Amino acid sequence: KQEVTQIPAALSVPEGENLVLNCSFTDSAIYNLQWFRQDPGKGLTSLLLIQSSQREQTSGRLNASLDKSSGRSTLYIAASQPGDSATYLCAVVDMGGGSNYKLTFGKGTLLTVNP
Amino acid sequence: EPEVTQTPSHQVTQMGQEVILRCVPISNHLYFYWYRQILGQKVEFLVSFYNNEISEKSEIFDDQFSVERPDGSNFTLKIRSTKLEDSAMYFCASRKGGGYYEQYFGPGTRLTVT
């Protein structure tokens, strides 16, 4: 059964700092990995999708990398801003899940960027 | 840009009552999902739906839950007799194709059972 772990559970940084959020998964046979942002009490905003054949994806100040063989992904946020404060979730689609292609989520990293 | 929509945004109900949560997935998508997130916990898979039938359900998705796609656009989750522990945010999601496609989420319905 796929398990997704995110470290750290919470992170507080001063504005302007570059930071890295970590995600690990136990079964490396995945189709893809998605990073999401969730504001308190709100829905899930998709940030980046990395296919299993890709090593990284970039969108603006965000860069996500994937090392499928070791079961790890990182989300790098450059020049953090207070508006980046949110919970960041990592989720994977297993190849072993048959034809339903469901996402398995980590618990998230709560990021606080202090002005 | 097409998006997944959900109604209502917040539903308050009494224990034992039936609730129906509604979703309109993106129009050309083929796979549909419900997930839930209890406050402070992980987003959990409930059920997936493809080709007009359930393709997988989690152990959470017991006989109290059902899903329907009554027409070409709506996708509903029904909870027959709500319990206090059903209080959670419920997310609908859809995807266009198989595992390499992105999954798109709706804004969620917050269900409060009193």
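The structure presented is a predicted model; accordingly, all values stated were derived computationally and were not measured. Just so you know, these numbers use all the heavy atoms, side chains as well, and skip hydrogens, waters and symmetry mates. Chain A is the first sequence line, chain B the second, and so forth, proteins listed ahead of strands; every chain is numbered from 1.
In this structure, B:E85 places its CD atom where more than 12 heavy-atom neighbours from other residues, nucleotides or ligands lie under 6.0 Å away. Within a 6.0 Å sphere centred on CZ of A:R61, other residues, nucleotides and ligands contribute more than 12 heavy atoms.
Only the side chain of B:F91 comes within contact range of chain A, with at least one heavy atom under 4.5 Å from a heavy atom of that chain. Using a 4.5 Å cut-off between heavy atoms, A:L89 contacts chain B through its side chain alone, with no backbone atom that close. Within the 4.5 angstrom heavy-atom criterion, atoms from both the backbone and the side chain of A:K102 approach chain B. Only the side chain of B:Q37 comes within contact range of chain A, with heavy atoms under 4.5 Å apart. Only the backbone of B:Y101 comes within less than 4.5 Å of a heavy atom of chain A; no side-chain atom from C-beta onward does. For A:L49, the part lying near chain B is the side chain, with the backbone staying farther off; criterion is any non-hydrogen pair under 4.5 Å.
For the pair A:Y101 and B:Y33, the tightest heavy-atom approach, listed with the atom from each and the gap, is O-OH, 3.3 Å. What you find for B:K42 and A:E3 is that their closest heavy atoms are NZ-OE1, 4.2 Å. Residues B:G99 and A:N32 share a closest heavy-atom pair of O-ND2, 2.6 Å.
The residue among B:Y104, B:F49, B:Y50, B:Y31 with the most heavy atom pairs within less than 4.5 Å of chain A is B:Y31. The greatest number of non-hydrogen atom pairs below 4.5 Å with chain A, out of B:A93, B:G40, B:S9, B:G98, is found for B:G98. Of all the listed residues (A:D94, A:V93, A:T104), the one sharing the greatest number of non-hydrogen pairs under 4.5 Å with chain B is A:V93.
The hydrophobic clustering, which links ILVMFWY residues whose side-chain heavy atoms are closer than 4.5 Å, places A:L111 and A:L47 together.
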*Run the side chain to side chain contact (heavy atoms under 4.5 Å, CB included) check on B:V43 and A:F36 step by step: do they pass?*
CA-CA 11 Å; B:V43 177; A:F36 294 88; over 6 Å; no
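Expressed to the nearest 0.5 Å, how far OH of B:Y35 lies from CG of A:L103 amounts to 4.0 Å.
Under the 3.5 Å distance criterion, the side-chain polar atoms of A:Q51 are matched with a main-chain donor or acceptor of B:Y100.
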